[in-house]
Each structure stands twice: as C-alpha cells, then as structure tokens.
Amino acid sequence: MKPLAEQGDADAQNNLGYMYENGNGVPQDYAEAVKWYRLAAEQGDAASQYRLGQIYLQGLGLPKDTVQAQMWMEIAAAHGRAAPSAQERTTIDSSLSFDQRERAKRLTEEWLAAHPQ
C-alpha cells in the first residue's frame with residue numbers, strides 16, 4: 001500500500017490514512033493519518049476530505065478546529081462521494097460564530113477554485 005501511496009495514488013493514500021487512523025496493521029498515528037488523508041484530499045478524494053473534517057472536528061492528533069472541519073466537510077459534499085449528511089454539516093455550522101462561518105465559507109470557495117474537478 002505504501003509504495004502506491006508514495007507514488008501519488010489517492011486511493012492508496014486514503015487507505016493508508018485509514019490504517020494509521022485506526023491502527024490497522026500499523027501503529028495508530030493520527031499525524032501520519034492526516035498526512036496521507038491530506039495528500040488524497042488535495043487530489044479530490046471525497047472520502048479523505050470527509051475524514052479530515054472529522055479529525056479536525058474531534059481534534060484527533062491535532063488541535064480541534066471547527067472552521068477547518070466545516071471547510072473539509074463542505075469540500076467533501078461538493079465532490080458528492082462519501083459526503084457528510086446535511087445534518088452533520090448543519091450541526092458543525094451552528095457551532096460556529098458568524099465570523100468563523102464566513103471564514104470557512106471563504107476557505108472552501110478558495111480551495112474549490114484552486115482545485116477544479
């Protein structure tokens with residue numbers, strides 16, 4: 001799996017992220033999971049984008065950041081696969097201040113504009 005992930009295969013990167021997140025066949029390591037999820041997410045992998053949102057929401061291995069959580073959830077939803085439910089996104093959105101909500105929206109729009117599908 002790792003050689004494919006290192007060669008840039010988004011599915012392998014997502015799978016490796018999952019393995020590190022859950023300690024499946026490798027030591028559990030959230031920082032390593034985030035590394036692999038982010039590489040796949042940057043390639044448009046909605047499952048990895050969703051997992052990044054969850055990791056930021058829960059603060060697993062990195063500081064909890066609801067703005068980043070919302071951004072990644074919205075990006076995953078825009079890509080349609082493995083997308084979070086509308087209720088899940090609304091729950092995160094309702095926990096944000098107006099300024100945080102606007103920042104998440106701006107970051108989402110900037111990311112989507114820089115990564116056309």
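Basis for what follows: all heavy atoms, side chains included, without hydrogens, waters or symmetry-related copies. Remember, it's a predicted structure, so these values are computed and weren't measured experimentally.
- Residues A40 and N14 come closest through the heavy atom pair CB-N, 3.9 Å.
- Nearest approach of A33 to G17, heavy atoms of both residues: CB-O, 3.3 Å.
- Listed for the D9 side chain is no donor-acceptor partner under 3.5 Å among the backbone atoms of A5.
- Annotation for S48 and A41: closest pair CB-N, 3.8 Å, computed over non-hydrogen atoms.
- Atoms CG and CG, on L112 and L107 in that order, are 11.0 Å from each other to the nearest 0.5 Å.
- Under 4.0 Å is where a charged nitrogen must lie from a carboxylate oxygen, and between R106 and E102 no such pair does.
- Closest heavy-atom contact between V67 and L96: N-CD2, 4.1 Å.
- Summarising the local packing, NZ of K35 is surrounded by more than 12 heavy atoms from other residues, nucleotides or ligands at distances under 6.0 Å.
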Checklist entry - E21 and R51: side chain to side chain contact (heavy atoms under 4.5 Å, CB included), yes or no, with the steps? => result CA-CA 9 Å; E21 180 183 1; R51 288 308 311 147; 2.2 Å; yes
Item to check | Test side chain to side chain contact (heavy atoms under 4.5 Å, CB included) applied to W72 and Y50, step by step | outcome: CA-CA 6 Å; W72 284 112; Y50 175 79; over 6 Å; no
Next on the checklist: Quick one, I92 with E74, criterion side chain to side chain contact (heavy atoms under 4.5 Å, CB included). Give me CA distance, side-chain angles, the key distance, then yes/no.
Outcome noted: CA-CA 11 Å; I92 298 169; E74 292 297 331; over 6 Å; no
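- In summary, the side chains of Q43 and Q13 do present a donor paired with an acceptor at a separation below 3.5 Å, with no hydrogens or angles considered.
- Side chains of Y30 and Q28: a donor on one and an acceptor on the other come within 3.5 Å.
- H115 NE2 to E110 CD: the interatomic distance, rounded to the nearest 0.5 Å, is 11.5 Å.
- To the nearest 0.5 Å, atoms OG1 (T108) and CD (Q68) are separated by 9.0 Å.
- Counting only heavy atoms from C-beta outward, the side chains of Q58 and K64 never approach each other to under 4.5 Å.
- Here the shortest heavy-atom pairing between L57 and A69 reads N-CB, 3.6 Å.
- The salt bridge (Lys or Arg N to Asp or Glu O under 4.0 Å) test applied to E109 returns no partner, not counting sequence neighbours.
- Nearest heavy atom pair, residue A46 against residue A76, reads O-CB, 3.7 Å.
- There is no side-chain donor-acceptor pair under 3.5 Å between Y37 and Q49.
- Side-chain heavy-atom separations under 4.5 angstrom define the hydrophobic clusters, and the remaining members of the one that includes M1 are L16, M19, Y20, V26, W36, L39.
- Both L62 and I75 are members of a single hydrophobic cluster when ILVMFWY side chains are connected at heavy-atom separations under 4.5 Å.
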Item to check | Stepwise side-chain hydrogen bond (donor to acceptor under 3.5 Å, both in side chains) test for Q100 and Q70 | outcome: CA-CA 10 Å; Q100 289 174 316; Q70 181 72 356; over 6 Å; no
Checklist entry - Given N22 and Y18, is the side chain to side chain contact (heavy atoms under 4.5 Å, CB included) satisfied, shown in steps? => result CA-CA 6 Å; N22 296 289; Y18 182 85; 3.1 Å; yes
